[in-house]
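A short worksheet on the structure shown next.
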2 protein chains.
Amino acid sequence: MEPTKILLAEDDPNLGMLLSQYIRAKGFKCTLATDGEEAYSAFTAGSYDFVILDVMMPKKDGFSVAKDIRGIDRETPILFLTAKSMKDDKLKGFELGADDYLTKPFSMEELLARVEAILKRTNKKEETHLYSINNYLFDFNTRILSFQGKEQKLTTKESELLKVLSKNIGKEVDRNDLLKAVWGDDNYFNGRSMDVYITKLRKYLSLDEKVEIVNIHGKGFKLTLK
Amino acid sequence: MEPTKILLAEDDPNLGMLLSQYIRAKGFKCTLATDGEEAYSAFTAGSYDFVILDVMMPKKDGFSVAKDIRGIDRETPILFLTAKSMKDDKLKGFELGADDYLTKPFSMEELLARVEAILKRTNKKEETHLYSINNYLFDFNTRILSFQGKEQKLTTKESELLKVLSKNIGKEVDRNDLLKAVWGDDNYFNGRSMDVYITKLRKYLSLDEKVEIVNIHGKGFKLTLK
DNA sequence: AAAGGATTTTAACTTTCTTTAACACGAGTA
DNA sequence: TACTCGTGTTAAAGAAAGTTAAAATCCTTT
């Protein structure tokens with residue numbers, strides 16, 4: 001996969017160089033524009049995956065650059081760099097489709113964290129990761145399944161399987177769909193492996209009488225509440 | 001439909017204003033509270049569809065606000081905003097009925113995506129598949145047929161067949177329709193298989209004198225109450 | 001690179017569910 | 001009446017899923 005291309009518009013030459021080099025050091029391609037007009041023409045000329053705009057820039061401020069970019073592109077994520085002094089009324093500018101903002105001063109790691117968070121989210125939409133299964137609570141992030149204070153740490157496969165089932169409480173999940181979602185392949189042997197995991201999940205979920213994984217013979221499984 | 005009302009509690013004025021305006025820009029109504037006490041009184045005063053709580057707030061932290069809210073309302077979704085430094089053990093606080101949490105820093109888009117995912121998930125409640133057949137009660141979800149406390153667990157085919165018949169109590173169900181509904185195909189062999197299941201269902205339903213599956217020769221079956 | 005532990009897969013055996021087969025019977029029809 | 005067809009019933013065969021333990025793989029640490 002080719003590297004993500006980032007367009008950075010920042011008029012302060014010191015900060016601009018510093019940030020662009022840092023971004024490059026982290027494995028992205030980065031183009032630096034030093035004013036708003038330059039930023040917009042760079043955007044139209046090349047194809048970028050991400051845009052970082054300083055709000056206050058000569059010739060064309062960050063908001064109007066964003067507005068123009070949104071005129072031709074509704075997708076590419078835009079992140080604003082704002083001064084702390086910014087007034088509320090200016091914040092309304094975000095309504096034109098910004099994805100995030102960062103208040104100066106900020107650390108470079110912080111900037112990168114935001115960029116990566118947004119990229120991650122826009123590439124594949126992030127899902128909620130907390131599932132309530134009657135009296136159980138399942139946190140997909142920490143992979144902890146808890147019931148009245150008792151915690152059970154799940155393995156990767158266990159939690160991926162439980163996630164898909166939890167998303168479909170009361171609804172049948174096709175056996176092959178389940179296999180493709182968790183194993184990526186619905187062959188016979190993965191199926192047997194899944195059956196082993198179903199047994200394990202049932203054991204974990206046995207503390208709550210009302211929670212049950214039922215099998216639909218020849219079809220799939222269903223997580224259901226009495 | 002009127003817009004979803006969101007209560008946002010965030011003590012950082014910059015972030016608070018920004019988020020609330022972003023939320024409004026996305027078509028929600030949003031009230032901003034700047035500390036925990038204000039958040040709780042706002043919640044009791046108005047009727048909100050969603051609550052977003054910063055965990056660390058002056059006067060009353062997010063957890064205790066959530067606890068108090070849950071004291072009077074078990075339904076309304078709650079989402080926590082947590083600091084990155086927060087340890088897993090602190091996450092235990094979530095068992096008091098949070099629907100999700102988001103770790104700072106996050107993008108605004110991410111916040112919105114979570115809110116929408118939770119709303120989608122909580123709005124559709126599991127439909128009950130409960131059928132009453134005179135003194136029998138049949139739960140299609142759990143596949144349990146009960147009669148005066150006695151429970152009989154049904155198999156997939158048994159329960160699918162009984163479901164169709166239960167939906168049509170007193171009405172004749174055409175043999176071929178029944179086959180297509182349960183087996184997907186009304187060939188001769190499936191028909192014989194169905195006859196075997198009819199026998200089984202009759203056995204299960206024999207505890208109640210008034211319940212009967214009658215055959216209409218050459219046509220189909222009918223579940224009737226005497 | 002090897003050890004040790006955790007995780008996942010494979011394997012073997014068991015149980016449950018579904019279909020098939022065989023035979024019985026009674027309703028509708030020639 | 002007798003004959004056929006549709007259904008009733010039971011048992012056995014076959015297929016899917018449940019369970020447990022061992023083997024293989026993957027990860028982390030040294």
Side-chain angles (χ1 to χ4, degrees), chain A residues 140 142-145 151-165 172-206 211-224, chain B residues 88 138 140 142-145 151-165 172-206 211-224:
Chain A
F140 180 73
T142 58
R143 301 198 320 226
I144 287 172
L145 176 68
E151 296 194 342
Q152 172 66 50
K153 178 99 186 167
L154 303 188
T155 72
T156 310
K157 281 267 149 38
E158 286 165 355
S159 45
E160 285 184 344
L161 190 54
L162 185 56
K163 179 174 84 169
V164 182
L165 292 172
E172 169 190 331
V173 186
D174 185 82
R175 192 180 167 87
N176 291 325
D177 292 348
L178 206 44
L179 279 166
K180 275 187 231 130
V182 179
W183 275 264
D185 181 2
D186 62 353
N187 68 47
Y188 173 79
F189 298 101
N190 286 339
R192 292 324 329 269
S193 195
M194 179 167 78
D195 289 332
V196 173
Y197 279 103
I198 290 287
T199 298
K200 290 180 177 168
L201 288 181
R202 281 183 175 139
K203 214 163 272 167
Y204 297 146
L205 293 170
S206 63
V211 177
E212 200 180 6
I213 297 176
V214 299
N215 168 256
I216 295 104
H217 196 98
K219 298 266 167 53
F221 293 95
K222 177 169 73 170
L223 179 58
T224 178
Chain B
D88 284 354
F138 170 47
F140 179 74
T142 55
R143 302 195 320 210
I144 288 171
L145 176 68
E151 294 194 342
Q152 172 66 50
K153 184 106 187 157
L154 303 189
T155 72
T156 308
K157 282 269 143 56
E158 286 165 358
S159 46
E160 285 181 344
L161 189 54
L162 184 56
K163 180 172 84 169
V164 181
L165 293 172
E172 171 194 328
V173 186
D174 185 81
R175 190 178 168 89
N176 291 326
D177 292 347
L178 206 44
L179 279 166
K180 275 186 229 133
V182 179
W183 275 262
D185 182 0
D186 62 353
N187 67 47
Y188 172 79
F189 299 101
N190 286 340
R192 293 318 337 264
S193 196
M194 180 167 79
D195 289 330
V196 173
Y197 279 104
I198 290 288
T199 297
K200 288 179 177 168
L201 287 182
R202 281 178 175 143
K203 210 164 275 168
Y204 298 145
L205 293 169
S206 63
V211 177
E212 201 179 7
I213 297 175
V214 296
N215 169 256
I216 297 103
H217 197 94
K219 296 270 164 48
F221 294 97
K222 179 168 70 169
L223 179 59
T224 60

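Letters A, B, ... are given to chains in the order of the sequence lines, protein chains preceding strands, and every chain is numbered from 1.
Distances were taken from every side-chain heavy atom of B:V196 (C-beta onward) to each of D:dA17, C:dA22, C:dA21; the shortest belongs to C:dA21. If you check D:dT20, C:dT20, D:dG8 against the side chain of A:T199, the one that comes closest is D:dT20. Looking at the side chain of A:H217, the nearest of the listed nucleotides D:dG18, C:dT18, D:dG8 is C:dT18. Here C:dT7 is the nucleotide among D:dA17, C:dT7, D:dT7 with the atom lying nearest to any side-chain atom of A:T155. When distances are taken from the side chain of A:T156 to each of D:dG18, C:dT8, D:dA16, the shortest belongs to C:dT8. Here C:dT18 is the nucleotide among D:dT10, C:dA12, C:dT18 with the atom lying nearest to any side-chain atom of B:K157.
Only B:W183, listed by number, bring a heavy atom of residues 174-187 of chain B to less than 4.0 angstrom from any atom of DNA chain C.
Put simply, CG on A:D195 is 14 Å from P on D:dT20, counting in whole angstrom units. B:R202 has its CZ atom 7 Å from the C1' atom of D:dG8, to the nearest Å. In this structure, B:N215 places its CG atom 17 Å from P of D:dC5, rounding to the nearest Å. A:Y188 has its OH atom 15 Å from the P atom of C:dT9, to the nearest Å. In this entry the distance linking CZ of A:R192 with C1' of D:dA15 reads 11 Å, nearest Å.
At a threshold of 4.0 angstrom between heavy atoms, the contacts of A:Y197 include nucleobase atoms, whether or not backbone atoms are also involved.
To the nearest 0.5 Å, the span separating CG on A:D174 from CG on A:D186 amounts to 9.0 Å. Between the CD atom of B:E160 and the CG atom of B:L178 there is a distance of 11.0 Å, given to the nearest 0.5 Å.
Residue A:K203 places at least one side-chain N or O under 4.0 Å from the OP1 or OP2 atom of D:dT20.
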